[in-house]
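Read the structure below first, then the notes.
Letters A, B, ... mirror the listed sequences (proteins, then strands); counts begin at 1. For the numbers below, each heavy atom of this structure counts, side chains included, while hydrogens, waters and symmetry mates do not.
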Amino acid sequence: MSQKPTVYIKDLKNHVGEEVTLKGWLYNKRSSGKLKFLILRDGSGYVQCVVFKGNVTEELFEAAEKLTQESSFEVRGKVKSEPRSVGGYELDVIDMKTISIAHEYPITPKEHGIEFLIDNRHLWVRSKRQVAILKVRARVVKAIRDFFDSRGFVLFDPPIITPNACEGTSTLFEMEYFDLGKAYLTQSGQLYEESGAFALGKVYSFGPTFRAEKSKTRRHLTEFWMVEPEMAFYDLDDDMALAEEFIEYIVQSVLTDCQVELQELERDLTKLETIKRPFPRISYTEAVEILKRKGVEFEWGNDLGGADETIIGEEFDRPVMIHRYPSEVKAFYMKRDPENPKVALAVDVIAPEGYGEIIGGSQREDNLDFLLERIKEHNLPQSFFEWYLDLRRFGSVPHSGFGLGLERTVSWICGLEHLREAIPFPRMIYRNTP
RNA sequence: UCCGCGGUAGCUCAAUGGCAGAGCAUGCGGCUGUUAACCGCAGGGUUGUAGGUUCGAGCCCUACCCGCGGAGCCA
């Protein structure tokens, strides 16, 4: 095949009238006698390649006939603007070369069940919808990094293998660590981030985190990504202000750069366009009042369940920040409100449309004696936390932070049914393949 | 862990206790504008596993296996 410039489908608009070469895979094929329509995908987009029997050799026409779904090939042709074609452009094929004929492809153009698709996740990621989701995910990740990098935060990577359960609550993945006994996969880098904040001022970590909880719902994974900023000299109000600016930035970045993807996902853009500061801020106590007004039986002091969060979330058209939870349902390191010791200076951010908690954060307990009390109350082994207590012994200051779940955020922005579509290879309790 | 639902062709699903079916995918044939194209023909089955009831079980009963999504827990 002659060497014309190889271009990507997304750039075809700059080559109308020119002869170009495209390389990719056959997404679908239709034919009508002496015409063949080959839908080519190359990762950057999709384009219909038209093979007309009168324009090409007999051999080429037969080769086009033999292409099966997902066969790889390169094709040379003339780019033309074509409103009848999806995407608005088309390639009039002049020459074509088969690279590899695909075996019978399991994921056909009709509907499939979720189980089958997950079994074939390594192939499923080629599907239009999955490509769109994964591009949005990549854009969200970039927005997260850009946000913190441009606001004076320093990336501070916590360890993934840890000697103790960070918050002492969740079930963790356990391993034998040489002669040192048991070690665990991290459930949060937060305690380490606090040490980073006292060294660098404002830090963040961004990486995978692990929960061995036997959660079987569409909102849970055993391995998921979390971004955790931690800031010295921030109180709870500063923390909430940062969280809302952060979420607004992520959503608006995706809206600006992922129009094609959101359209493919049939996302209602008006639901995202309203995601602007300020977000509603209500106290836990006010949240309980909303529940009671809605007829939900709820006792002050209990934690909000998923259904409760959905009900409260439906009251607002943007994420709602619920703050000052009963300290008893929150982690030991959260600072109690000096004005009401029954509640902790914690905040959860609930996404709209029933997507639930996407952020959990708090102002941290900075007083050594109070923290020691909390550790005793929670029956945690103090020896494991000596290094953490040192942060209060050597120049303690007020500080705050939060964690945002990447997959839940992507799931919400994309309007997904299942969290597992928001990560390339989801890990769930009864599945660790492919 | 608890509660609920499910397992039939490669896939998605049908089938009053009475011949195992359709669409898609695959193969062959047809069509010069298809948009999950369409039309015709063909191949494709240990109905999750093991028992039981029955003249007869995909269907009813028991146990087990696997999965799904909800609760709890959390992001």
A/L404 CG to B/C74 P, straight-line distance once rounded to whole Å:
18 Å

With the side chain of A/M226 defined as its heavy atoms from C-beta on, choose the nearest nucleotide among B/U32, B/A75, B/G69.
B/A75

Spacing of the C1' atoms in B/C13 and B/A20 (rounded, Å)
14 Å

Scan A/D303 against the nucleic acid and name what it touches under 4.0 Å (heavy atoms): base, sugar-phosphate only, or nothing.
sugar-phosphate

Atom C1', compared across B/C24 and B/G43: separation rounded to whole Å
15 Å

Does OP1 or OP2 of B/A71 have a side-chain N or O of A/R219 closer than 4.0 Å?
yes

Measure the distance from CZ on A/R30 to C1' on B/U32 and round it to the nearest whole Å.
15 Å

Specify the separation, in whole Å, of atom CG of A/N28 and atom P of B/C38.
10 Å

Can you tell me, in whole Å, how much space there is between the C1' of B/C31 and that of B/C66?
46 Å

When the C1' atoms of B/C61 and B/G45 are considered, how many whole Å apart are they?
25 Å

When only distance counts, do a donor and an acceptor, one from the side chain of A/E90 and one from the base of B/G33, lie under 3.5 Å apart?
yes

Answer with yes or no whether A/R408 presents, from its side chain, a donor or acceptor under 3.5 Å of a partner atom in the base of B/C74.
yes

Among the candidates B/G27, B/A25, B/U12, find the nucleotide nearest to the side-chain atoms of A/E104.
B/A25

Could you work out the separation of B/U47 and B/G6 based on their C1' atoms and round it to a whole Å?
14 Å

Residue whose nearest RNA chain B nucleotide is more 5′ - A/E309 or A/G54
A/G54

For A/F148, is the NZ or CZ atom of A/R145 found under 6.0 angstrom from the centre of its six-membered ring and inside 45 degrees of the ring axis?
no

Any idea which of B/U32, B/A75, B/G27 is nearest the A/T68 side chain?
B/G27

Just checking A/Q48: base, sugar-phosphate only, or nothing, at a heavy-atom cut-off of under 4.0 Å?
base

Just by modelled atom types, is the A/L134 backbone N or O under 3.5 Å from a matching donor or acceptor in the A/E261 side chain?
no

By the salt bridge (Lys or Arg N to Asp or Glu O under 4.0 Å) test, which pairs, at least two apart or in different chains, include something from residues 126-139 of chain A?
A/E70-A/R126, A/R129-A/E421, A/R137-A/E407, A/R139-A/D257

What interatomic distance, in whole Å, is found between P of B/A57 and the corresponding atom of B/U53?
11 Å

No-H, no-angle donor-acceptor pair, A/H220 side chain to B/C74 base, under 3.5 Å
yes

Could you state the atom-to-atom distance from CD of A/E264 to P of B/A36 in whole Å?
11 Å

How many Å lie between NZ on A/K29 and C1' on B/C38, as a whole number?
15 Å

On the nucleotide B/G70, are OP1 or OP2 found under 4.0 Å from the side-chain N or O atoms that A/R218 carries?
yes

If stacking means aromatic ring centre less than 5.5 angstrom from the base's six-membered ring centre, planes under 30°, is A/F224 stacked on B/A75?
yes

Residue list, ring pair (Phe, Tyr, Trp, His ring centres under 6.0 Å) with A/H399, at least two apart or on another chain:
A/F198

Classify the nucleic acid contact of A/F116 as base, sugar-phosphate or nothing, counting any heavy atom under 4.0 Å across all strands shown.
sugar-phosphate

Going by the ring-ring contact (aromatic ring centres under 6.0 Å, His included) test, which pairs reach into residues 105-142 of chain A, not counting sequence neighbours?
A/H112-A/F116

Would you say the side-chain atoms of A/Y192 and A/D157 include a donor-acceptor pair closer than 3.5 Å?
no

Contiguous Watson-Crick or G-U pair runs (3 or more, under 3.5 Å) in RNA chain B
B:1-7 with B:65-71, B:10-13 with B:21-24, B:26-30 with B:38-42, B:48-52 with B:60-64

Please classify the nucleic acid contact of A/H103 as base, sugar-phosphate, or nothing, using heavy-atom distances under 4.0 Å.
nothing

B/C28 P sits how many Å from A/E65 CD, rounded?
8 Å

Sequence neighbours left out, what pairs pass ring-ring contact (aromatic ring centres under 6.0 Å, His included) with at least one residue falling in residues 38-93 of chain A?
A/Y27-A/Y46

Can you check ring pair (Phe, Tyr, Trp, His ring centres under 6.0 Å) on A/Y388 and A/Y333, steps first, answer last?
CA-CA 10 Å; A/Y388 184 66; A/Y333 54 73; 7.1 Å; no

Using a 4.0 Å heavy-atom cut-off across all strands, classify A/L419 as base, sugar-phosphate, or nothing.
base

Is A/L221 touching bases, backbone alone, or none of the nucleic acid, heavy atoms closer than 4.0 Å?
base

A/F385 ring center within less than 6.0 Å of A/F332 ring center
yes

Do A/S31 and B/C31 have a side chain to base donor-acceptor pair shorter than 3.5 Å?
yes

Quick check for you: among B/U12, B/G33, B/A71, whose closest atom lies nearest to any side-chain atom of A/F37?
B/G33

A/G113 vs A/I39, nearer the 5' end of RNA chain B by closest nucleotide:
A/G113

From CD1 of A/I118 across to C1' of B/G69 the rounded distance in Å is 14 Å

With P as the reference atom in both, quote the distance from B/C59 to B/G18 in angstrom, rounded to an integer.
11 Å

Is any side-chain N or O of A/H112 closer than 4.0 Å to OP1 or OP2 of B/A25?
no

Of the listed B/C68, B/A25, B/G33, the closest approach to the A/T108 side chain comes from B/A25

For the P atoms, the ones on B/A14 and on B/C73, what distance do you get once it is rounded to whole angstrom?
36 Å

Suppose we screen for salt bridge (Lys or Arg N to Asp or Glu O under 4.0 Å). Which residues come up paired with A/R374, at least two apart in sequence or across chains?
A/E377

Write down the distance between CG (A/L172) and P (B/C73), rounded to a whole number of angstrom.
17 Å

